[in-house]
Structures are given as C-alpha cells and as structure tokens.
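This report refers to the structure that appears directly beneath it.
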2 protein chains.
Amino acid sequence: MTDDRMSVREIAKLAGVSTATVSRVYRGVGSVSAATRAKVQAAIEQYGYRPSHLGEALANRRHGALAVVFPGLSGPYFAELINGVESVAVPRQVSVHVIGTHLRREAPDELLDVARRVDGMAIHGGTVPKTVIKELAARHPVVMIGPDPHPAPIVVRTDHQAFRQLVSHLLADHGLRKLIFVGNPAGSPDLTERWDAFVAAHEELGLRPGKQFRTGLEQTHGVQAADEVLAGGYDGAVCGNDETALGLMMAVLGRGLRVPGDLVITGVDDVPMSSLVSPGLTTVARPLAELGATATRLLLDLINGADVAPETVLPSRLVRRASCGCED
Amino acid sequence: MTDDRMSVREIAKLAGVSTATVSRVYRGVGSVSAATRAKVQAAIEQYGYRPSHLGEALANRRHGALAVVFPGLSGPYFAELINGVESVAVPRQVSVHVIGTHLRREAPDELLDVARRVDGMAIHGGTVPKTVIKELAARHPVVMIGPDPHPAPIVVRTDHQAFRQLVSHLLADHGLRKLIFVGNPAGSPDLTERWDAFVAAHEELGLRPGKQFRTGLEQTHGVQAADEVLAGGYDGAVCGNDETALGLMMAVLGRGLRVPGDLVITGVDDVPMSSLVSPGLTTVARPLAELGATATRLLLDLINGADVAPETVLPSRLVRRASCGCED
DNA sequence: GTTGGGAGTGTAACCGGTTACAATTCCAAC
DNA sequence: GTTGGAATTGTAACCGGTTACACTCCCAAC
C-alpha cells in the first residue's frame, strides 16, 4: 500500500549489475550488451520497477511539469483552454498542474509554492496581482495568457478587433441604440479590453456608450443579471463571454420573452453551446484550444532557453447567428 | 530567468553556518541561538531562498501532493468537487494535481506516470478501466469517488435513495406515465446506479420503466437530446445530472415551449444554476464539495497509514422546484 | 607481437534537501 | 577545580536517480 517501491540499487543488485547499467537499460541510452539488457529487463518487469520521479527530476534538474493558473475552473472556456495545454504537454511527457486560484487571498503564496515543483507556469490574466507575477517571472519562466500588458515577459492573446466589429454590427447594421455591457471591466484584462472596444465602437459612430452591469463570467451571473437588464429597457445586452450570455438568454426565455425580439444578446468565445442553442448565439469565435497550446509551446521553448517573441496574437472572428437579429 | 536559485549549501556558506543549521532555521525545528538564527534569516531573505521541492520531498520520502482524476473538467460538477478537495488539501500544504482523462486511450499510462509524483490519488468513477485501478491501488493509496463497487479499496459516494424518491415523486405525485431517462447508464457507475433506481421506482408501482436516451453529461448533450425527447411524446425527462437537464430546458424554452407545461424536466446535483433558472430545476441535492473534501481527508489518512473505512456514504436529498410541476 | 580503438561495465560524484549522531561550548552545581 | 548536562552547531550519510570518467576486454590492423 504505502510506497514500498524498489530503487535502482535494489534492481541493480537483483540483476547483478551496477545502477548505471540499470539506468542505461531503462532509458535506452549508452551501450549495453544484449545479454545484460535481458537480465536487467527481466528484473524490471518482475518487480514492476518505475524510477522515482523525484530522483529522476533531481538528477536532471528538470521537473518535467508545468503549471497553468486560472481564476477558476468552471465552464467550457477553461476546459477548452486546458485541452489545448494538454494537447501539447502530454505528447512531450510533461505533466500539467492545473491551479484555480478562485481569487483566494492566499493564492500568491500558493503560486510561490507551486513554482517550486514545476519548470514554468502559464498564468491567465486576472488571476493574481501584478506584483506577484513580476516576482514569479523574475525567477521562473512565465507566459501570460490574455492581454495583460505590463508585468509579463511573454504574452499570448487573441486579437480584439472582432469584438469591436461585433458592437459596430449591432449599432450600425441592426440600428440598436441602447446597449448594456454585461461584465466587469475591472475584473480581468480581457474584460477591460472588451469594454474599451465597446466604448470605441460607440464613439466611432458618434454615440454615447451604454451602461455596464458589473458581474462575473459564469452562467449563474448571466441569470442573475436578467432582472436588471430587462428592467432597464435595453434593446441589446453585450455580454463579456458566452457563459453569461447563455445564462442571460436562459433567464429571458424562462420569463416567456423572446430573443432577439425582446432583447438582443451576444457573447464572446463561441463555446460549443453557442451554436447549439436556439436562437444561436452571435459571438466572437476565439481559438481557445490553440491559445492554450500556443502558450504551452512558448513556455516549453522558454524553459529550454530558446528566444521567444514577447507577444503572440491569435485571430478572432465575428460569428453572426440569430441572437443578434440576423436571419439564420 | 532559468532556475538559478540558491541551494542550502550556498546559503549556508553565505551565512557562515552549516547546511543543517540553515535547514533548522528555515523549518523552525531544533534549537538555534538567536544570533545564528538572525544571520541565517538575513541570508534567506536577501536571496529569497526557498528550498527546492525536490530535495525536500526526496529527503522526506513524501511528495506533498496528490492527484484527483476525473473524466473531464468542464462544468460546475467537477468545479465543486475540486473546491472540496482543495478546501482540505490547501490548508495542509498538500498540492493537488487535477487530471482530466477525457477518456483518452493513453490515460492509463498517464496515471501510472502521475502516480510517480504524488503520494496518492482520488479517482472518480468511470474514468479508467477497473484493471488499471487495481494496478494503481496495489501500489499506491487510492480512494474512489462514486459508487464503483469492486476494484476499489476505499470508496466515497452519496446515498442514492433520493434519486429513487424523485422518480417515485414524478410517477406517484404528478401522475406522469411516460418518462425518458436522459443519460448513458454504461458510461459511469453513477449513471448505472441512477438507471437502476429509475427502473426500480417504476417497478415498485407496477409500471413498465420508460426508455433511455443515451448521451453524455454536459449541457451540450442536453441541448442535443431535445429533438428526440420532444418527438417521443414524453411527459417527463429524468436527466442524469443538472447539466444535461439545463441544456435540455434551454432547448425546450428556445423552441417556445413551456416547462413543466409541455415537458417536466429533472436533474441531479443541485448545481448553482438550478436554483436560479426559471422554472427552478427539481433535482437531487448532493453534497459535492463535501464529497471531494471527504475523499481527500480519507486519502490523506490512508497515506499516513491510518485505518480507513472501506465505504463512506454521504446523504443526498430531493429538492422540489417548479420544473417537475410542484408550485414554487 | 604490439598497438589502437571501440564496446561494455562499474565507481563515484552530484542533484538539494533532512537528520542522526558526534563534537563543542557554556554554566551551574558539587 | 571538576563534573555533568543542556544548548548549540557541524559532519556526514541518506533519499533515488543520472552520468562523467576510468577501467577492462576483445579484436583488427600494422
């Protein structure tokens, strides 16, 4: 039950060879005669020997692990990001620590601690104060996910043009004049950027930007926003992401109202739900898996001492469906 | 950038003491004179020294980490379970590897590998073949989460009476006669158990159990089930969990139909969304965070060599809301 | 018959901590 | 002035791997 696993020295003794030879056989490097190899392999099989990760990592001075840090873990957004991370890490035999800070106060300490067991970290914007990121980045390879500008040495983000295009589409093509922004611009750099684009799109047309309803990024927050949004007499709700948009849509439909008839709703991300619901959710498609994969690739490059571009921008794209009023 | 951190020996040299003393000061054990302690602490602070996790773990023969293994990571169910795990692990300075197997074919190898870097694992039912679990459990402390019966030495699960009670409630109190079970009983032990209870509740009243619609456990699966469920002329859809129930509800409302008027819908779990949507979702409340917390506590006990009960059952409870037809 | 070189293997140092044990110092008590 | 014991500190072994280097064979080429 408890860890009574064999060590190299024991296997070596059993096979009648030195530890060096056991290591050579297990790792398949160096030259070993066929006869010796067979002996050693037999001992390895018989006892189900697997080298301790600790010894291995200590000797290699490499943990073979990295951490991805998110504000939380719920929802398809993070799931897809993590998929992307793992699609790169797993084939390279690198294991992944997924950390959800949940904005805990002790999160910084936790990260400092987890930094001791990984070779590098990918940190999602809005998880932890900039000072902490600076401290981490000073000692360890760090890649930021999201448009966080300053403290980050290396940033991977998506283009934000498509979101501005979305707001312009609502204003110019659908003639909406009273939009509310659902999301908290102070909560994460992604949302800050989107709010700025929301304002810019209004100003470009000489309009006064609408209000914001500050709330979180989960479905529940969208549901909870419904009363206020409906009471305000808005003609459209531009949500910070698909999850709040879907939550809001569900609440609106549940009240017997129609989308887009009674309220236009849009999101960001294009998560799987968005194309399945009726009406289909107009949104901005972002390559989430690719975002996670790219961040991971860059992080591994960084760990290997390669030069890495300070900013990598992936494209995003406006997806018009029925919820904004476009025919489908 | 790369890991140029100081080692004990360097700090020791700088402070003019031995490595043993540095270790004593850092860990606050043994006796050290005030003067020496101050010298060492100064050196530690100045260089921001933190002991390498590897050296520490190797010397202690303890990783200070455990793994939780899930089929996937999306959705509030797993998020809440993970919260529970972390609520126990974090205060005890144990770090948590969250693994989503996504039912990958290479998952077993991955687990064998991750087992080398943790002290034990909590494995959610339905993630990995029983033979693999047996192999893992033979060498490492393992706790199963869910009603998986056989291969598991230690199991934490919730009571399943409330689910049966739910089905009886629909049949007996609301007089429904054509129920469909939405979920795949073969997909996970949880669902197997629910399907069995579904059948038993029917038989108890001398009724023929309804059909099943086999699908996954995410919201998207619920949405996709809508066409078939609505076409079948059912009066109620008993969903395997809240997420599919919410997806289905959204799809039904999106078609302009009413819940429970046109279709009764129920779930399991009582995730946060379920009490917020309108109509409120009738469901079975399960103490998810407590489930994760308990599994973690037992796992840590097991790692510490304590005796642990083979099965721990937590209560679940029927929650009636509007979606089954009860007044709200 | 040497010599040279490659293949096979072992020895021992090292990665970065912890800790049992020994050694030293200091002081109080006799 | 001894002696005994507590407090402080250092030495060195150990955790479990990897690998530079040295050593021993063996065989072909001169």
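Order of the sequence lines sets the chain letters (A, B, ...), proteins ahead of strands, with each chain counted from 1. Not measured: the values here are computed from a predicted model.
- Under a 4.0 Å N-O distance rule, the pair B:Glu56/A:Arg116 qualifies as a salt bridge.
- Using a 4.0 Å cutoff on non-hydrogen atoms, the parts of residues 21-32 of chain A near DNA chain C are A:Thr21, A:Arg24, A:Ser31, A:Val32, ordered by number.
- Rounding to the nearest 0.5 angstrom, the gap separating the CD1 atom in A:Ile123 from the CD1 atom in A:Ile99 is 10.5 Å.
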Can you tabulate the close N/O pairs, meaning under 3.5 Å, that link protein atoms to atoms of nucleotides 13-16 of chain C?
{"from": "C:dG16", "atom 1": "N7", "to": "B:Arg9", "atom 2": "NH2", "distance (Å)": "2.9"}
{"from": "C:dG16", "atom 1": "N2", "to": "B:Gly55", "atom 2": "O", "distance (Å)": "3.4"}

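- The pair A:Lys130-A:Glu135 does not meet the salt-bridge criterion, since no charged nitrogen lies less than 4.0 angstrom from a carboxylate oxygen.
- Going from atom NZ of B:Lys39 over to atom P of D:dG10 covers 7 Å, rounded to whole Å.
- Each end of the helix from C:dG1-D:dC30 to C:dC30-D:dG1 gets its own rotation axis from five pairs of C1' atoms, and the angle between them is 60° to the nearest 10 degrees.
- Classification of the A:Phe78-A:Phe70 ring pair by plane angle, with boundaries at 30° and 60°, yields tilted.
- Atom NZ of B:Lys39 is surrounded by more than 12 heavy atoms from other residues, nucleotides or ligands within 6.0 Å.
- Considering only side-chain N and O atoms, A:Thr36 lies under 4.0 angstrom from the phosphate OP1 or OP2 of C:dT9.
- In this structure, the NZ atom of A:Lys13 is 12 Å from the P atom of C:dT11, given to the nearest Å.
- Across B:Ala89 and B:Val96, no two heavy atoms sit closer than the pair CB-CG2, 3.5 Å.
- Judged by distance alone, the side chain of A:Asp119 and the main-chain N or O of A:Gly64 form a donor-acceptor pair under 3.5 Å.
- Across every non-hydrogen atom of B:Leu299 and B:Gly120, the tightest pair is CD2-C, 3.9 Å.
- Following rounding to the nearest Å, B:His63 (NE2) and C:dG17 (C1') show an atom-to-atom distance of 14 Å.
- Classification of B:Asp190 and B:Arg286 as a salt-bridged pair holds, one side-chain N sitting under 4.0 Å from a carboxylate O.
- For the pairing with B:Met121, the side chain to side chain contact (heavy atoms under 4.5 Å, CB included) check across B:Val68, B:Val143, B:Leu136, B:Leu66 returns one residue only, B:Leu136.
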